[in-house]
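Worksheet: the structure to be examined is printed underneath.
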Amino acid sequence: MRYDLIIFDNDGVLVDSEPISNRHLAAYLTELGIETSYEDSLRDYMGSAMHRVHDLVLERTGQRLPADFDDVFHARVFAAFERELGPVPGAAEVLEKLAADGVPYCVASSGSHQRIRVGHRTTGLDRWFQEERIFSSQDVGKGKPAPDLFLYAAERMGVAPGRCAVVEDSPLGVQAAVAAGMDVYGFTAMTPAERLTGATQLFADLGELPDLLK
């Protein structure tokens, strides 16, 4: 193994949540008079912390989202997770192999701690993620594309940034990993390869990942 730590993004890499959350985000923004298609949401907000949604809406429309926007959105998404969410195909197998081989790994997500835990519990991936392996943009106050979250995760796991590999599926995540001085493996299952410019390597099936990391 070339790396001392594998850092996974969560949404779209471990849990198949991006279609669900972006569908609900687009619908809710549209309800509020901010016409947003599913494709718009994927393009503008996939991989974002919630503060980026507020910032972009304000910048583009001059409109502030309601004070309870995050709570309402998460309530809708979590309810949908309970009905629909599954793991990304191959995620459990990759985590099982890393654990069996003794390779350190963690998750570093733009999502809240609550969102990460709901997703892991619902999909059964919680067995692979003890508390000390979970990092959220909530921990650093600034989400991707800033490198802060990945640097924080590496520091907490006791690994130098240059010895980390990040697994990401969003342009913002790839930018954050590059800014952190880490290799980044771009997962193209949902994101066109050309949008993951800067990735060390691209791949379309999680089953390929263990061999790519060697």
Side-chain angles (χ1 to χ4, degrees), residues 8-81 84-85 88 107-116 118-119 135-153 166-180 182 184 186-199 202:
F8 289 94
D9 176 44
N10 191 54
D11 295 293
V13 172
L14 296 176
V15 299
D16 196 15
S17 53
E18 293 291 9
I20 299 170
S21 59
N22 282 281
R23 188 173 71 243
H24 282 275
L25 180 58
Y28 189 21
L29 288 172
T30 299
E31 279 179 37
L32 296 171
I34 304 157
E35 194 67 36
T36 306
S37 69
Y38 172 70
E39 291 75 20
D40 293 337
S41 185
L42 286 177
R43 182 193 65 230
D44 294 340
Y45 304 120
M46 182 173 165
S48 298
M50 289 304 294
H51 69 77
R52 179 178 165 85
V53 179
H54 289 260
D55 292 346
L56 278 182
V57 168
L58 181 61
E59 175 185 318
R60 291 174 174 179
T61 70
Q63 179 176 338
R64 291 190 182 277
L65 294 172
D68 64 350
F69 179 87
D70 292 11
D71 291 338
V72 172
F73 171 66
H74 284 127
R76 295 182 183 186
V77 169
F78 294 167
F81 280 2
E84 306 172 43
L85 187 63
V88 170
V107 63
S109 173
S110 293
S112 66
H113 277 281
Q114 184 185 15
R115 178 181 173 124
I116 297 167
V118 169
F135 304 99
S136 161
S137 62
Q138 285 182 312
D139 300 327
V140 294
K142 186 185 292 187
K144 307 165 189 176
D148 304 41
L149 175 57
F150 289 141
L151 293 172
Y152 177 74
V166 175
V167 185
E168 264 288 354
D169 71 330
S170 76
L172 295 176
V174 170
Q175 292 172 42
V178 171
M182 301 176 179
V184 55
F187 185 40
T188 61
M190 271 196 65
T191 307
E194 60 269 20
R195 294 200 66 213
L196 300 181
T197 303
L202 301 173

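For the single chain, residues carry numbers from 1 onward in sequence order. Keep in mind that the numbers below use all heavy atoms, side chains included, and drop hydrogens, waters and symmetry copies.
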Item to check | Flag, side chain of Thr36 to backbone of Thr30, donor-acceptor distance under 3.5 Å | outcome: no

Checklist outcome for this item: In this structure, CG of Asp70 is separated from NE2 of His51 (nearest 0.5 Å) by 10.5 Å

Item to check | Distance (rounded to the nearest 0.5 Å) between Tyr45 OH and Leu172 CG | outcome: 11.5 Å

Checklist entry - Of all heavy-atom pairs between Leu196 and Phe187, which one has the smallest distance, and what is that distance? => result CD1-O, 3.7 Å

Checklist outcome for this item: Heavy-atom nearest pair, Phe150 first then Ala180, reads CB-CB, 4.2 Å

Checklist entry - Got a second to check how far Met50's CE is from His74's NE2, nearest 0.5 Å? => result 5.0 Å

Next on the checklist: Please find the pair of heavy atoms, one from Leu151 and one from Met182, that lie closest to each other, and give the distance.
Outcome noted: N-CE, 4.2 Å

Checklist entry - Parallel under 30°, tilted from 30 to 60°, perpendicular over 60°: which one fits the rings of Phe69 and Phe73? => result parallel

Next on the checklist: Using side chain to side chain donor-acceptor pair (under 3.5 Å), reason through Asp169 and Thr191 one step at a time and then give a plain yes or no.
Outcome noted: CA-CA 6 Å; Asp169 71 330; Thr191 307; 4.7 Å; no

Item to check | Check against side chain to side chain contact (heavy atoms under 4.5 Å, CB included), Asn10 and Arg115 | outcome: CA-CA 10 Å; Asn10 191 54; Arg115 178 181 173 124; 5.7 Å; no

Checklist entry - Taking all atoms of both residues into account, what is the closest heavy-atom pair of Ile20 and Ala80, and its distance? => result CG2-CB, 3.6 Å

Next on the checklist: Quick check for you: to the nearest 0.5 Å, what is the distance between Lys142 atom NZ and Ser137 atom OG?
Outcome noted: 12.5 Å

Item to check | Minimum heavy-atom distance Val140-Asp148, with the two atoms named | outcome: CG1-O, 3.9 Å

Checklist entry - Can you list the steps and then say if Thr197 with Val174 is a side chain to side chain contact (heavy atoms under 4.5 Å, CB included)? => result CA-CA 8 Å; Thr197 303; Val174 170; over 6 Å; no

Checklist entry - Side chain of Ser109, backbone of Ser136: donor and acceptor closer than 3.5 Å? => result no

Checklist entry - Does a side-chain heavy-atom distance below 4.5 Å link Leu29 with Leu65? => result yes

Checklist entry - Would you say the side-chain atoms of Ser110 and Arg52 include a donor-acceptor pair closer than 3.5 Å? => result no

Checklist outcome for this item: Separation between OG (Ser48) and NE2 (His54), nearest 0.5 Å, reads 11.5 Å

Item to check | Shortest non-hydrogen contact between Asp9 and Val13, atoms and distance | outcome: O-CB, 3.4 Å

Item to check | Chi angles and distances behind the side chain to side chain contact (heavy atoms under 4.5 Å, CB included) call for Arg23, Glu84 | outcome: CA-CA 13 Å; Arg23 188 173 71 243; Glu84 306 172 43; 3.0 Å; yes

Checklist entry - Do Glu18 side-chain atoms and Leu42 backbone N/O form a donor-acceptor pair below 3.5 Å? => result no

Checklist entry - Would Ser21 and Asp11 count as a side chain to side chain contact (heavy atoms under 4.5 Å, CB included) if you check the C-alpha gap in whole Å, the side-chain angles of each, and the deciding distance to 0.1 Å? => result CA-CA 9 Å; Ser21 59; Asp11 295 293; 5.6 Å; no

Next on the checklist: Using 0.5 Å steps for rounding, measure from the CG atom of Asp40 to the CD1 atom of Ile34.
Outcome noted: 12.0 Å

